[in-house]
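Take a look at the structure below.
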Amino acid sequence: MEYVPLPEDFLFGAGTSAMQVEGAWNVDGKSPSVMDVFLQHEMPPPYADMKQPNVTADSYHRYKDDVAMAAALKLQVYRFSVSWPRVLPEGDTSVINQDGVNYYKNLIEELIKHNIQPMITMNHFDYPFATLKKTGGWANKAIVPAFREYADFLFKTFGDKVRLWTTINEANYYCMNFALLPVPGLYEPQVGDDYKCVHHTILAHMEAYRVYEEKYRKTQGGKIGAAALTLWCRPNSTSYEDIQAAERGNLFALGSIYHPVVHGDYPEALKERVAHYSALENRPTSRLPSFTDEERARLKGSADFLCFNAYMGTTVADGTKKPRPAGGGTIQSDRDAAEVGTDTRPGFFGDLFMRANPWVLRDAPLWIRDNYKNTPLFITENGWGDERGNTNPKADPLDDEPRVGYHSVYLQELIRTATEENVNIMGYLAWSLIDTYEWTANFGRKFGLVHVDYENGSLNRTLKKSAWFFQEIGTNRRVPKVP
Ligand SMILES: O=C(O)[C@H](O)[C@@H](O)[C@H](O)[C@H](O)CO
């Protein structure tokens with residue numbers, strides 16, 4: 001067996017998120033998130049088949065099992081998210097739920113006891129229903145100070161033991177679906193809300209970063225990252241138009257988040273294109289809000305590292321000749337990058353998560369190095385979404401050999417790019433530590449390094465056959481080269 005050594009200081013681990021593993025959705029003082037409320041009602045496509053994640057893996061009661069599994073896999077870092085409504089049921093510090101706080105304190109203690117570094121995501125798709133009622137949600141600027149208050153509370157409460165933070169998970173993808181869920185009588189999505197949402201998540205990220213700078217950096221010495229997801233775009237041909245389309249696809253997805261926190265504003269190409277289509281739609285102003293001078297100054301350099309959630313790539317062609325959406329443009333339509341052969345609309349991914357495109361962890365890191373001052377880059381999600389059980393229920397859920405090949409080729413590409421091309425890579429986190437509730441795929445897409453017995457309902461955790469691969473990386477800090 002050949003191996004590729006991990007670069008020095010390279011952090012290796014895995015992740016989950018609160019709503020996907022904790023369960024206990026209305027236990028011990030936790031209030032409902034907007035997603036909890038949404039999933040209790042009749043849901044429009046593509047959310048119609050989503051189950052209510054009321055129990056999922058019940059990590060709220062079984063977190064010690066999760067940590068034991070992470071330790072058995074020799075992981076260095078465990079990325080988990082804090083449920084905002086579990087610690088602040090009213091969305092603000094008027095009410096602090098001590099049971100919720102204690103849950104995370106115990107989880108963090110347990111991790112440190114097993115020499116695993118906790119990494120907190122502040123918000124992973126589950127902001128409080130109370131905050132929607134008070135602020136109008138992510139389409140309204142009033143949510144920005146609410147997030148600052150929440151972030152300040154997290155730093156004060158957990159910052160003595162946590163050094164790695166990410167603010168809002170995949171704001172670019174989040175604002176194309178789960179962030180703008182219609183809630184009867186309270187919120188109805190409007191054209192342009194997708195950009196307003198992205199805008200407010202960036203300002204919320206900035207406020208979190210700045211409150212850390214002002215009050216905690218000196219004493220806690222932690223780092224804060226900004227997270228984005230994309231299906232990395234490659235051009236369908238060598239034509240100028242297709243190459244431009246791919247560049248736009250990546251710029252709209254990653255640039256919309258990374259550009260403001262590194263350079264202090266949106267990419268010019270993004271601003272021009274949305275302004276152009278907004279004018280064609282006879283709108284008095286662009287659907288893309290602008291930052292004030294003061295905001296631009298406070299945004300610049302408001303991330304210690306960039307988080308990239310990387311899965312499959314996609315091929316795009318020039319989409320400028322495609323018909324425009326009747327009611328007005330969206331982030332997806334304005335980028336004029338037409339998917340070729342892959343239906344990647346949210347909720348329609350199908351078995352795409354079983355496809356390995358390791359070149360994504362070469363192309364994207366190089367592009368991020370060149371466009372974002374080689375700011376440290378952390379691959380905070382990458383994983384193989386096993387759907388074989390959906391078509392063959394007799395398949396052995398512990399037999400996940402293809403997962404080894406998947407992570408090996410992605411890691412080999414990433415490490416080669418980091419070492420040969422001088423890309424500043426902080427680390428890599430597999431998605432996911434345990435099998436989770438996978439949103440529109442419910443429990444039918446298994447990303448876990450650890451099996452959770454949803455089938456028989458015991459929720460017992462069991463290492464899968466791929467465990468040896470992760471243990472080798474954690475123990476000997478080298479990646480087995482598996483084709
Ligand atoms: O991208 C997302 O939606 C999230 O970050 C995760 O919550 C998913 O579970 C993962 O990406 C696999 O789909």
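We count ligands from 1, going down the list as the structure has it; atoms in each ligand are counted the same way.
- With hydrogens and angles disregarded, no donor-acceptor distance shorter than 3.5 Å links the side chain of Asn374 to the backbone of Arg369.
- Near His124, meaning under 4.0 Å from one of its heavy atoms, ligand 1 places the atoms 4 (C), 5 (O), 6 (C), 7 (O).
- Contact annotation for Asn169 and ligand 1: only side-chain heavy atoms (C-beta onward) come within less than 4.0 Å of the ligand.
- Under the 6.0 Å distance and 45° angle rule, Arg355 does not count as a cation-pi partner of Tyr311.
- Residue Glu170 approaches ligand 1 through these ligand atoms, each under 4.0 Å from one of its heavy atoms: 1 (O), 2 (C), 3 (O), 4 (C), 5 (O).
- A distance-only check finds a donor-acceptor pair linking the side chain of Asp194 to the backbone of Ile331 [under 3.5 Å].
- Those atoms of ligand 1 with a heavy atom of Phe447 less than 4.0 angstrom away are 12 (C), 13 (O).
- Asp193 contributes no side-chain N or O that, together with a main-chain N or O of Ala139, makes up a donor-acceptor pair within less than 3.5 Å.
- Ligand 1 places these atoms under 4.0 Å from at least one heavy atom of Glu381: 1 (O), 4 (C), 5 (O), 6 (C), 10 (C), 11 (O).
- Screening Tyr372, Phe252, Tyr266 against His259 for a ring pair (Phe, Tyr, Trp, His ring centres under 6.0 Å) leaves a single residue, Tyr372.
- Residue Glu438 touches ligand 1 through its side chain alone, judged by heavy-atom distances below 4.0 Å.
- Contact analysis leaves Arg445 out of contact with ligand 1, as no non-hydrogen atom separation drops below 4.0 angstrom.
- Geometrically, ligand 1 and Thr436 share no nitrogen or oxygen pair separated by less than 3.5 Å.
- Under a 4.0 Å criterion applied to the non-hydrogen atoms of Gln20, ligand 1 contributes the atoms 6 (C), 7 (O), 9 (O).
- Under 3.5 Å, the side chains of Tyr209 and Asp304 contain a donor-acceptor pair of N or O atoms.
- Checked by atom type, the side-chain pair Asn250/Arg248 shows no donor-acceptor distance below 3.5 Å.
- Tyr311 OH, 3.3 Å is the protein heavy atom nearest to atom 10 (C) of ligand 1.
- With hydrogens left out, the protein atom closest to atom 3 (O) of ligand 1 is Phe125 CE1, 3.4 Å, a heavy atom.
- The only option from Trp232, Trp359, Tyr258, Phe308 that meets the ring pair (Phe, Tyr, Trp, His ring centres under 6.0 Å) definition with Trp367 turns out to be Trp232.
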